[in-house]
A.B. asks: 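Questions regarding the structure given below will be posed in turn.
Hydrogens, waters and symmetry mates play no part in the numbers below; they use all other heavy atoms, side chains included. Order of appearance sets the numbers: ligands from 1, and atoms from 1 within every ligand.
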Amino acid sequence: MKIYANLKANLTRKSTKEYFETLNKNAENTTHEILVFPSSSSLQEKTYKNLKQGVQNFYPVENGSYTGEIALEQIHEFKIQDILIGHSERRMLLFENYDLIIKKFNFAKENDLNICFCIGESLAIRQKGEIKLKDFLNSQLDGIDLDYKKLSIAYEPVWAIGTGIVADENDIKQVLSFLKQKTNAPLLYGGSVNKSNIKSISKIKHCSGVLIGSASWKVEKFLDLIKEVS
Ligand code: PGA
């Protein structure tokens with residue numbers, strides 16, 4: 001199972017290093033795919049055998065005049081192969097639009113990176129019913145190569161992110177089944193995944209993993225979640 005931790009803008013360089021060391025020591029023999037997305041300033045130089053790190057964000061260029069961004073050159077320096085694209089916080093708080101997201105996707109694909117592509121609807125859209133929901137998810141996938149071999153898709157309803165409200169299992173199942181008709185890419189769920197729901201979420205049809213935010217920020221808590229599904 002894919003168990004991804006999105007640390008967002010949490011932890012310092014020092015505490016991220018401790019996080020990786022503790023995680024590595026305690027999840028050494030895991031059969032799960034553990035991938036951690038630290039903040040860009042906390043990327044780890046050391047590499048671990050059973051523990052990968054990815055970037056939460058990048059600008060789709062080799063390098064250049066893009067103040068505040070990191071680019072391929074910096075990603076390669078850390079031997080990083082995995083990136084997040086389309087997270088709702090970047091879409092909504094950082095105003096990442098469709099054009100930029102497509103540019104990022106195509107650039108990452110050209111450079112053979114593993115892409116975890118995030119999609120998910122707002123509560124207003126969900127309340128409009130199934131057709132509107134599917135239209136919206138289709139629009140977020142429009143222009144994305146769904147046959148790209150290194151793609152995984154994280155379904156993360158916006159209203160479930162960081163709110164403690166987890167989507168109903170049937171709702172998750174319905175969306176994952178819909179996505180499965182469109183792609184063979186592994187599908188993840190994200191949005192208030194925690195110790196008490198990770199096991200049942202992992203058993204949902206077509207669910208290949210989880211993208212975890214707040215419940216992953218303390219390494220002991222994250223390890224508890226891994227244990228729940230081990
Ligand atoms: P959450 O965040 O687990 O805190 O809801 C998930 C995410 O943003 O990927």
A.B. asks: Report yes or no: does Ala215 have a heavy atom closer than 4.0 Å to ligand 1?
C.D. replies: no
A.B. asks: Could you identify the single nearest non-hydrogen protein atom to atom 3 (O) of ligand 1 and state the distance to 0.1 Å?
C.D. replies: Gly213 N, 2.8 Å
A.B. asks: Just by modelled atom types, is the Gly190 backbone N or O under 3.5 Å from a matching donor or acceptor in the Tyr4 side chain?
C.D. replies: no
A.B. asks: At a 4.0 Å threshold, what atoms of ligand 1 neighbour a non-hydrogen atom of Leu211?
C.D. replies: 9 (O)
A.B. asks: With the 4.5 Å side-chain cut-off for hydrophobic clustering, are Ile75 and Tyr59 part of the same group?
C.D. replies: no
A.B. asks: So, does Cys118 sit close enough to ligand 1 that a heavy atom of it is under 4.0 Å from the ligand?
C.D. replies: no
A.B. asks: Considering the heavy atoms of Ala160, write down every atom of ligand 1 situated less than 4.0 Å from one of them.
C.D. replies: 5 (O)
A.B. asks: Would you check if the side chain of Asn111 reaches a backbone N or O of Pro60 as a donor-acceptor pair within less than 3.5 Å?
C.D. replies: no
A.B. asks: Take atom NZ in Lys173; do more than 12 heavy atoms of anything else shown fall under 6.0 Å from it?
C.D. replies: no
A.B. asks: Between Glu21 and Lys46, is the closest basic N to carboxylate O distance under 4.0 Å?
C.D. replies: yes
A.B. asks: Hey, looking at atom 1 (P) of ligand 1, which of Gly162, Ala5, Ser216, Cys116 has the closest heavy atom?
C.D. replies: Gly162
A.B. asks: If I apply the N/O under 3.5 Å rule, does Glu156 come out as touching ligand 1?
C.D. replies: yes
A.B. asks: Determine whether any heavy atom of Gly191 lies closer than 4.0 Å to an atom of ligand 1.
C.D. replies: yes
A.B. asks: Which of these, Ile172, Ile198, Ile212, sits in a side chain to side chain contact (heavy atoms under 4.5 Å, CB included) with Tyr189?
C.D. replies: Ile172
A.B. asks: Please report which non-hydrogen protein atom sits nearest to atom 4 (O) of ligand 1, along with the residue it belongs to and the distance in Å to one decimal place.
C.D. replies: Ser214 OG, 2.6 Å
A.B. asks: What are the two closest heavy atoms between Phe78 and Leu43, and how far apart are they?
C.D. replies: CE2-O, 3.6 Å
A.B. asks: Salt-bridge test for Lys199 and Glu228: reply yes if a basic N is under 4.0 Å from a carboxylate O, no otherwise.
C.D. replies: no
A.B. asks: Do any N/O atoms on Glu89 end up under 3.5 angstrom from N/O atoms on ligand 1?
C.D. replies: no
A.B. asks: Please indicate whether any nitrogen or oxygen in His87 is less than 3.5 Å from any nitrogen or oxygen in ligand 1.
C.D. replies: yes
